[in-house]
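Notes to accompany the following structure.
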Amino acid sequence: MGRGRIRISYFDVVGKALPPLPDHEVGRAIAKLSATYRAGRSDFDFSSEVGRAAYAWHHLPAHMSDLTRLLGDLPELLEGRRSLSVLALGAGPGSEVLALLELISQRKAKGELELLERVEVTRVDHFSAWDQSFARLLSAAREAVGARRCGLGTEWELEAPAQSLRCDLSRAPLSEQVLAAAQGVNLILAMNLVSEVAPRGTEELPAGLAANWEALLQAAPEADALVLDRAGAPGVHERVLEMAERAHALGRGVLGPKTREATCDSVLTKRVKALYRHVKLPTTKHEDRPVKNLKTVWLLC
Ligand SMILES: C[S@@+](CC[C@H](N)C(=O)[O-])C[C@H]1O[C@@H](n2cnc3c(N)ncnc32)[C@H](O)[C@@H]1O
(Lines give C-alpha, C1' and ligand atoms only; values in the text may rest on other atoms or scores of the structure.)
Protein backbone atom coordinates (compact mmCIF):
# COMPACT_ATOMS: atom_id res chain seq x y z
CA MET A 1 0.00 0.00 0.00
CA GLY A 2 1.39 3.46 -0.97
CA ARG A 3 2.14 5.85 1.88
CA GLY A 4 -0.72 8.17 0.91
CA ARG A 5 -3.15 5.27 0.90
CA ILE A 6 -2.96 4.49 4.61
CA ARG A 7 -6.63 4.79 5.56
CA ILE A 8 -7.59 6.31 8.84
CA SER A 9 -10.92 5.65 10.47
CA TYR A 10 -11.86 8.85 12.25
CA PHE A 11 -14.04 6.74 14.53
CA ASP A 12 -10.71 5.50 15.93
CA VAL A 13 -9.57 9.09 16.29
CA VAL A 14 -12.81 10.03 18.09
CA GLY A 15 -12.48 6.97 20.36
CA LYS A 16 -8.89 7.85 21.29
CA ALA A 17 -9.59 11.54 21.76
CA LEU A 18 -12.66 11.51 23.94
CA PRO A 19 -12.59 10.76 27.63
CA PRO A 20 -14.11 7.39 28.58
CA LEU A 21 -17.85 7.79 29.03
CA PRO A 22 -20.57 5.19 29.59
CA ASP A 23 -21.90 3.96 26.23
CA HIS A 24 -25.50 4.02 27.36
CA GLU A 25 -25.22 7.75 28.23
CA VAL A 26 -23.57 8.65 24.92
CA GLY A 27 -26.12 6.45 23.11
CA ARG A 28 -28.99 8.28 24.74
CA ALA A 29 -27.40 11.62 23.87
CA ILE A 30 -27.02 10.60 20.20
CA ALA A 31 -30.75 9.75 20.04
CA LYS A 32 -31.56 13.10 21.63
CA LEU A 33 -29.21 15.02 19.29
CA SER A 34 -30.80 13.35 16.28
CA ALA A 35 -34.33 14.11 17.55
CA THR A 36 -33.41 17.74 18.27
CA TYR A 37 -32.10 18.22 14.72
CA ARG A 38 -35.12 16.46 13.18
CA ALA A 39 -37.45 18.81 15.04
CA GLY A 40 -35.46 21.83 13.78
CA ARG A 41 -34.60 22.84 17.34
CA SER A 42 -31.24 24.10 18.55
CA ASP A 43 -31.48 23.31 22.24
CA PHE A 44 -29.12 20.31 22.36
CA ASP A 45 -26.66 20.67 25.22
CA PHE A 46 -23.06 20.77 23.95
CA SER A 47 -21.81 22.03 27.30
CA SER A 48 -21.45 18.48 28.63
CA GLU A 49 -18.74 15.96 27.64
CA VAL A 50 -21.52 13.51 26.78
CA GLY A 51 -23.27 15.99 24.46
CA ARG A 52 -20.05 16.81 22.62
CA ALA A 53 -19.18 13.09 22.38
CA ALA A 54 -22.59 12.45 20.78
CA TYR A 55 -21.83 15.00 18.06
CA ALA A 56 -18.30 13.68 17.51
CA TRP A 57 -19.42 10.05 17.04
CA HIS A 58 -22.57 10.79 15.06
CA HIS A 59 -21.51 13.62 12.74
CA LEU A 60 -17.82 14.45 12.73
CA PRO A 61 -16.36 11.70 10.48
CA ALA A 62 -19.09 12.27 7.86
CA HIS A 63 -18.67 16.06 7.93
CA MET A 64 -14.92 15.68 7.52
CA SER A 65 -15.35 13.39 4.51
CA ASP A 66 -17.76 15.83 2.93
CA LEU A 67 -15.27 18.69 3.11
CA THR A 68 -12.26 16.55 2.19
CA ARG A 69 -14.02 15.42 -0.98
CA LEU A 70 -15.28 18.89 -1.87
CA LEU A 71 -11.80 20.39 -1.46
CA GLY A 72 -10.48 17.53 -3.57
CA ASP A 73 -12.88 18.67 -6.30
CA LEU A 74 -11.77 22.31 -5.99
CA PRO A 75 -7.98 21.86 -6.36
CA GLU A 76 -7.41 25.57 -7.05
CA LEU A 77 -8.03 26.26 -3.35
CA LEU A 78 -4.89 24.35 -2.30
CA GLU A 79 -2.62 24.10 -5.33
CA GLY A 80 0.37 26.37 -5.86
CA ARG A 81 0.42 27.87 -2.36
CA ARG A 82 3.25 28.07 0.16
CA SER A 83 0.84 28.80 2.96
CA LEU A 84 -2.86 28.53 3.53
CA SER A 85 -4.69 30.51 6.16
CA VAL A 86 -8.28 29.61 6.98
CA LEU A 87 -11.00 31.18 9.10
CA ALA A 88 -13.51 28.48 10.07
CA LEU A 89 -16.89 29.87 11.16
CA GLY A 90 -19.00 27.73 13.49
CA ALA A 91 -16.15 25.24 13.67
CA GLY A 92 -17.26 23.52 16.88
CA PRO A 93 -15.10 20.40 17.33
CA GLY A 94 -12.88 21.41 14.38
CA SER A 95 -14.18 19.09 11.65
CA GLU A 96 -12.65 21.56 9.15
CA VAL A 97 -9.17 21.29 10.70
CA LEU A 98 -9.29 17.50 10.69
CA ALA A 99 -10.53 17.47 7.08
CA LEU A 100 -7.64 19.70 5.97
CA LEU A 101 -5.14 17.57 7.91
CA GLU A 102 -6.56 14.41 6.32
CA LEU A 103 -6.55 15.73 2.76
CA ILE A 104 -3.19 17.48 2.88
CA SER A 105 -1.44 14.57 4.62
CA GLN A 106 -2.77 12.14 1.97
CA ARG A 107 -1.57 14.36 -0.84
CA LYS A 108 1.79 15.18 0.76
CA ALA A 109 2.46 11.46 1.25
CA LYS A 110 1.94 11.02 -2.50
CA GLY A 111 4.45 13.78 -3.22
CA GLU A 112 1.77 16.35 -4.08
CA LEU A 113 1.26 19.93 -2.79
CA GLU A 114 5.05 20.18 -2.66
CA LEU A 115 5.09 23.95 -2.16
CA LEU A 116 2.75 24.00 0.83
CA GLU A 117 4.69 24.60 4.06
CA ARG A 118 2.21 26.05 6.48
CA VAL A 119 -1.51 25.73 7.15
CA GLU A 120 -3.16 27.91 9.78
CA VAL A 121 -6.76 27.56 10.90
CA THR A 122 -8.56 29.88 13.28
CA ARG A 123 -11.82 28.51 14.63
CA VAL A 124 -14.72 30.84 15.43
CA ASP A 125 -17.69 29.69 17.50
CA HIS A 126 -20.06 31.11 20.08
CA PHE A 127 -19.45 28.14 22.28
CA SER A 128 -15.99 27.77 23.80
CA ALA A 129 -16.63 24.38 25.46
CA TRP A 130 -15.73 22.84 22.08
CA ASP A 131 -12.11 23.92 22.55
CA GLN A 132 -11.28 21.05 24.92
CA SER A 133 -12.75 18.45 22.57
CA PHE A 134 -10.96 20.02 19.60
CA ALA A 135 -7.53 19.94 21.28
CA ARG A 136 -7.88 16.22 21.99
CA LEU A 137 -9.26 15.42 18.53
CA LEU A 138 -6.44 17.28 16.80
CA SER A 139 -3.79 15.57 18.88
CA ALA A 140 -5.25 12.09 18.12
CA ALA A 141 -5.61 12.96 14.42
CA ARG A 142 -2.00 14.20 14.19
CA GLU A 143 -0.82 10.93 15.68
CA ALA A 144 -2.91 8.93 13.20
CA VAL A 145 -1.68 10.79 10.10
CA GLY A 146 1.91 10.42 11.35
CA ALA A 147 1.75 6.82 10.03
CA ARG A 148 1.55 8.25 6.51
CA ARG A 149 5.03 9.73 6.73
CA CYS A 150 3.69 12.85 5.09
CA GLY A 151 6.32 15.26 6.45
CA LEU A 152 4.00 16.83 9.04
CA GLY A 153 6.16 18.70 11.53
CA THR A 154 9.23 18.63 9.29
CA GLU A 155 8.27 19.65 5.74
CA TRP A 156 4.98 21.35 6.61
CA GLU A 157 3.06 22.39 9.69
CA LEU A 158 -0.54 22.77 10.68
CA GLU A 159 -1.22 25.46 13.29
CA ALA A 160 -4.70 25.51 14.80
CA PRO A 161 -4.92 27.08 18.25
CA ALA A 162 -7.05 25.16 20.73
CA GLN A 163 -8.66 28.40 21.77
CA SER A 164 -11.32 29.53 19.34
CA LEU A 165 -12.42 33.11 18.80
CA ARG A 166 -15.61 33.40 20.76
CA CYS A 167 -18.27 35.17 18.74
CA ASP A 168 -22.01 35.02 18.18
CA LEU A 169 -22.12 35.19 14.39
CA SER A 170 -25.83 36.01 14.43
CA ARG A 171 -25.12 39.40 16.00
CA ALA A 172 -23.73 42.30 14.02
CA PRO A 173 -21.44 44.08 14.02
CA LEU A 174 -18.70 41.48 14.11
CA SER A 175 -16.12 41.77 16.85
CA GLU A 176 -12.88 43.56 15.95
CA GLN A 177 -11.07 40.34 16.82
CA VAL A 178 -12.89 38.31 14.17
CA LEU A 179 -12.59 41.06 11.56
CA ALA A 180 -8.86 41.29 12.23
CA ALA A 181 -8.53 37.51 11.96
CA ALA A 182 -10.31 37.59 8.58
CA GLN A 183 -7.87 40.09 7.10
CA GLY A 184 -5.28 38.29 5.02
CA VAL A 185 -6.81 34.79 5.18
CA ASN A 186 -6.97 32.77 1.98
CA LEU A 187 -10.16 30.90 2.77
CA ILE A 188 -13.26 31.59 4.83
CA LEU A 189 -15.17 28.40 5.57
CA ALA A 190 -18.69 28.04 6.92
CA MET A 191 -19.48 24.35 7.28
CA ASN A 192 -22.84 23.40 8.78
CA LEU A 193 -23.22 26.84 10.31
CA VAL A 194 -25.90 28.38 8.13
CA SER A 195 -28.43 25.68 9.09
CA GLU A 196 -27.64 26.21 12.75
CA VAL A 197 -27.94 29.93 13.18
CA ALA A 198 -31.12 30.80 15.04
CA PRO A 199 -33.95 31.01 14.27
CA ARG A 200 -33.44 27.59 12.66
CA GLY A 201 -35.56 26.45 9.76
CA THR A 202 -36.43 29.86 8.30
CA GLU A 203 -35.72 30.69 4.67
CA GLU A 204 -34.38 34.18 5.40
CA LEU A 205 -30.75 34.58 6.29
CA PRO A 206 -30.83 35.98 9.84
CA ALA A 207 -30.08 39.72 9.56
CA GLY A 208 -27.01 39.62 11.81
CA LEU A 209 -25.48 36.72 9.91
CA ALA A 210 -26.19 38.47 6.61
CA ALA A 211 -24.42 41.64 7.78
CA ASN A 212 -21.49 39.62 9.15
CA TRP A 213 -21.17 37.65 5.92
CA GLU A 214 -20.85 40.90 3.97
CA ALA A 215 -18.43 42.36 6.50
CA LEU A 216 -16.20 39.28 6.22
CA LEU A 217 -16.23 39.34 2.42
CA GLN A 218 -15.23 43.00 2.54
CA ALA A 219 -12.55 42.45 5.18
CA ALA A 220 -10.96 39.68 3.11
CA PRO A 221 -11.49 40.71 -0.53
CA GLU A 222 -8.83 38.30 -1.82
CA ALA A 223 -10.06 35.30 0.14
CA ASP A 224 -12.21 32.53 -1.25
CA ALA A 225 -15.33 31.88 0.81
CA LEU A 226 -16.77 28.38 0.90
CA VAL A 227 -20.15 27.52 2.41
CA LEU A 228 -21.15 23.89 2.89
CA ASP A 229 -24.30 22.71 4.63
CA ARG A 230 -27.04 20.10 4.87
CA ALA A 231 -29.15 20.33 1.71
CA GLY A 232 -32.13 18.70 3.37
CA ALA A 233 -32.38 21.05 6.35
CA PRO A 234 -35.39 23.38 6.04
CA GLY A 235 -34.58 26.81 4.63
CA VAL A 236 -30.90 26.09 4.02
CA HIS A 237 -30.96 26.24 0.23
CA GLU A 238 -32.69 29.64 0.39
CA ARG A 239 -30.25 30.94 2.99
CA VAL A 240 -27.25 29.86 0.92
CA LEU A 241 -28.82 31.41 -2.17
CA GLU A 242 -29.13 34.70 -0.31
CA MET A 243 -25.45 34.47 0.63
CA ALA A 244 -24.65 33.97 -3.06
CA GLU A 245 -26.75 37.02 -4.04
CA ARG A 246 -25.12 39.19 -1.40
CA ALA A 247 -21.66 38.09 -2.52
CA HIS A 248 -22.57 38.80 -6.14
CA ALA A 249 -23.85 42.27 -5.19
CA LEU A 250 -20.43 42.95 -3.67
CA GLY A 251 -18.81 42.15 -7.02
CA ARG A 252 -17.70 38.63 -6.18
CA GLY A 253 -17.55 35.78 -8.67
CA VAL A 254 -19.97 33.12 -7.45
CA LEU A 255 -20.09 29.37 -8.06
CA GLY A 256 -23.25 27.71 -6.76
CA PRO A 257 -25.28 27.01 -4.76
CA LYS A 258 -24.86 23.44 -5.96
CA THR A 259 -25.84 20.20 -4.34
CA ARG A 260 -23.78 17.05 -3.99
CA GLU A 261 -23.80 13.76 -2.16
CA ALA A 262 -21.01 12.45 -0.01
CA THR A 263 -20.40 9.25 1.91
CA CYS A 264 -18.45 8.94 5.12
CA ASP A 265 -15.02 7.51 4.27
CA SER A 266 -14.28 6.22 7.77
CA VAL A 267 -14.91 2.51 8.27
CA LEU A 268 -16.97 1.52 11.28
CA THR A 269 -14.84 0.14 14.08
CA LYS A 270 -15.81 -2.43 16.71
CA ARG A 271 -15.90 0.40 19.20
CA VAL A 272 -18.48 2.41 17.29
CA LYS A 273 -20.59 -0.69 16.62
CA ALA A 274 -20.62 -1.46 20.35
CA LEU A 275 -21.67 2.11 21.10
CA TYR A 276 -24.53 2.08 18.60
CA ARG A 277 -26.05 -0.96 20.31
CA HIS A 278 -27.18 1.68 22.82
CA VAL A 279 -28.67 4.02 20.20
CA LYS A 280 -32.28 3.94 19.10
CA LEU A 281 -33.10 6.21 16.15
CA PRO A 282 -36.69 6.14 14.89
CA THR A 283 -35.59 7.27 11.40
CA THR A 284 -33.47 4.24 10.50
CA LYS A 285 -35.08 1.10 9.08
CA HIS A 286 -32.39 -1.51 9.62
CA GLU A 287 -29.53 -0.51 11.82
CA ASP A 288 -28.68 2.52 13.94
CA ARG A 289 -25.30 3.90 13.02
CA PRO A 290 -23.46 7.21 12.59
CA VAL A 291 -24.43 9.43 9.68
CA LYS A 292 -23.13 7.76 6.52
CA ASN A 293 -24.61 9.63 3.58
CA LEU A 294 -24.89 13.35 3.25
CA LYS A 295 -26.70 15.46 0.71
CA THR A 296 -25.14 18.86 0.90
CA VAL A 297 -25.38 22.28 -0.66
CA TRP A 298 -22.25 24.33 -1.30
CA LEU A 299 -21.28 27.74 -2.54
CA LEU A 300 -17.89 29.19 -3.51
CA CYS A 301 -17.42 32.97 -3.76
C1 LIG B 1 -23.49 21.62 13.24
S2 LIG B 1 -22.17 22.34 14.12
C3 LIG B 1 -20.92 22.35 12.87
C4 LIG B 1 -19.55 22.07 13.40
C5 LIG B 1 -18.54 21.87 12.29
N6 LIG B 1 -18.40 23.05 11.48
C7 LIG B 1 -18.95 20.69 11.45
O8 LIG B 1 -19.37 20.90 10.31
O9 LIG B 1 -18.87 19.55 11.93
C10 LIG B 1 -22.62 24.06 14.18
C11 LIG B 1 -21.65 24.89 14.93
O12 LIG B 1 -22.05 26.25 14.78
C13 LIG B 1 -21.97 26.88 16.03
N14 LIG B 1 -22.93 27.99 16.03
C15 LIG B 1 -24.27 27.93 15.94
N16 LIG B 1 -24.81 29.16 15.97
C17 LIG B 1 -23.77 30.02 16.09
C18 LIG B 1 -23.67 31.44 16.20
N19 LIG B 1 -24.76 32.20 16.21
N20 LIG B 1 -22.45 32.00 16.30
C21 LIG B 1 -21.34 31.22 16.30
N22 LIG B 1 -21.36 29.87 16.21
C23 LIG B 1 -22.56 29.28 16.11
C24 LIG B 1 -22.30 25.78 17.04
O25 LIG B 1 -21.78 26.07 18.33
C26 LIG B 1 -21.61 24.58 16.41
O27 LIG B 1 -20.29 24.46 16.83
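Atoms within a ligand are numbered from 1 in the order they appear, just like the ligands themselves. Residues: numbered from 1 along the sequence shown.
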In this structure, atom 8 (O) of ligand 1 is nearest to the protein heavy atom Asn192 ND2, 2.9 Å
Check: ligand 1 and Val124, any nitrogen or oxygen pair closer than 3.5 angstrom?
Finding: no
In this structure, atom 20 (N) of ligand 1 is nearest to the protein heavy atom Leu169 N, 2.8 Å
Here the atoms of ligand 1 under 4.0 Å from any heavy atom belonging to Asp168 are 18 (C), 19 (N), 20 (N)
Do Leu294 and Met191 belong together in a cluster built from hydrophobic side chains that touch within less than 4.5 Å? no
Ligand 1 atoms nearer than 4.0 angstrom to some heavy atom of Ser170 are 19 (N)
When distances are taken from atom 6 (N) of ligand 1, the protein heavy atom at minimum range is Glu96 OE2, 2.6 Å
Practice prompt. Using the rule that two of Ile, Leu, Val, Met, Phe, Trp, Tyr join whenever any of their side-chain heavy atoms come within less than 4.5 Å, decide whether Val121 and Leu169 are in one cluster.
Written response: no
Per-atom filter on ligand 1: closer than 4.0 angstrom to a heavy atom of Ser95 are 5 (C), 7 (C), 9 (O)
Taking only non-hydrogen atoms of Gly92 and a 4.0 Å limit, the atoms of ligand 1 in range are 27 (O)
With heavy atoms and a 4.0 Å threshold, my read on which part of Ala88 contacts ligand 1 is neither
Atoms of ligand 1 under 4.0 Å from any heavy atom of Leu193, numbered from 1 in the order shown, are 12 (O), 14 (N), 23 (C)
Cys167 heavy atoms within 4.0 Å reach ligand 1 at atoms 20 (N), 21 (C)
Short version for Ala198: what comes under 4.0 Å of ligand 1, heavy atoms counted, is neither
If we number the atoms of ligand 1 from 1 as shown, the ones under 4.0 Å from a heavy atom of Glu196 are 1 (C), 10 (C), 15 (C)
Nearest non-hydrogen protein atom to atom 11 (C) of ligand 1, with distance, is Gly90 O, 3.4 Å
Check: Trp156 side chain, Lys108 main-chain N or O, donor-acceptor pair, under 3.5 Å:
no
Is it true that Phe11 and Leu137 fall in one hydrophobic cluster, defined by side-chain heavy atoms closer than 4.5 Å?
yes
### Donor-acceptor under 3.5 Å (Arg148 side chain, Ile6 main chain)
yes
Worksheet item: N/O to N/O below 3.5 Å, does that happen between Trp130 and ligand 1?
Response: yes
### Task
Report yes or no: does Asp131 contribute a side-chain atom to a donor-acceptor pair with the main-chain N or O of Ser164 at less than 3.5 Å?
yes
field: Tyr55 near ligand 1 by a heavy-atom separation under 4.0 Å
entry: yes
Hits for side chain to side chain donor-acceptor pair (under 3.5 Å) against Glu120, two or more places apart or cross-chain, chain-then-number order -> Arg118
Original post:
Does the Ser65 side chain pair with the main chain of Cys264, one donor and one acceptor, at a distance under 3.5 Å?
Top reply: no
**Request:** I would like to know whether Leu158 and Val97 meet side chain to side chain contact (heavy atoms under 4.5 Å, CB included); could you show each step before the answer?
**Result:** CA-CA 9 Å; Leu158 174 95; Val97 183; 3.8 Å; yes
The closest protein heavy-atom partner of atom 23 (C) of ligand 1 is His126 CD2, 3.3 Å
ring-ring contact (aromatic ring centres under 6.0 Å, His included) test vs Tyr55 passes for just one of Phe44, Trp130, Phe127, namely Trp130
Of all protein heavy atoms, the one nearest atom 26 (C) of ligand 1 is Asp125 OD2, 3.6 Å
Check your understanding: Would a hydrophobic clustering, with Ile, Leu, Val, Met, Phe, Trp and Tyr connected at side-chain separations under 4.5 Å, put Leu152 with Leu113?
Key -> yes
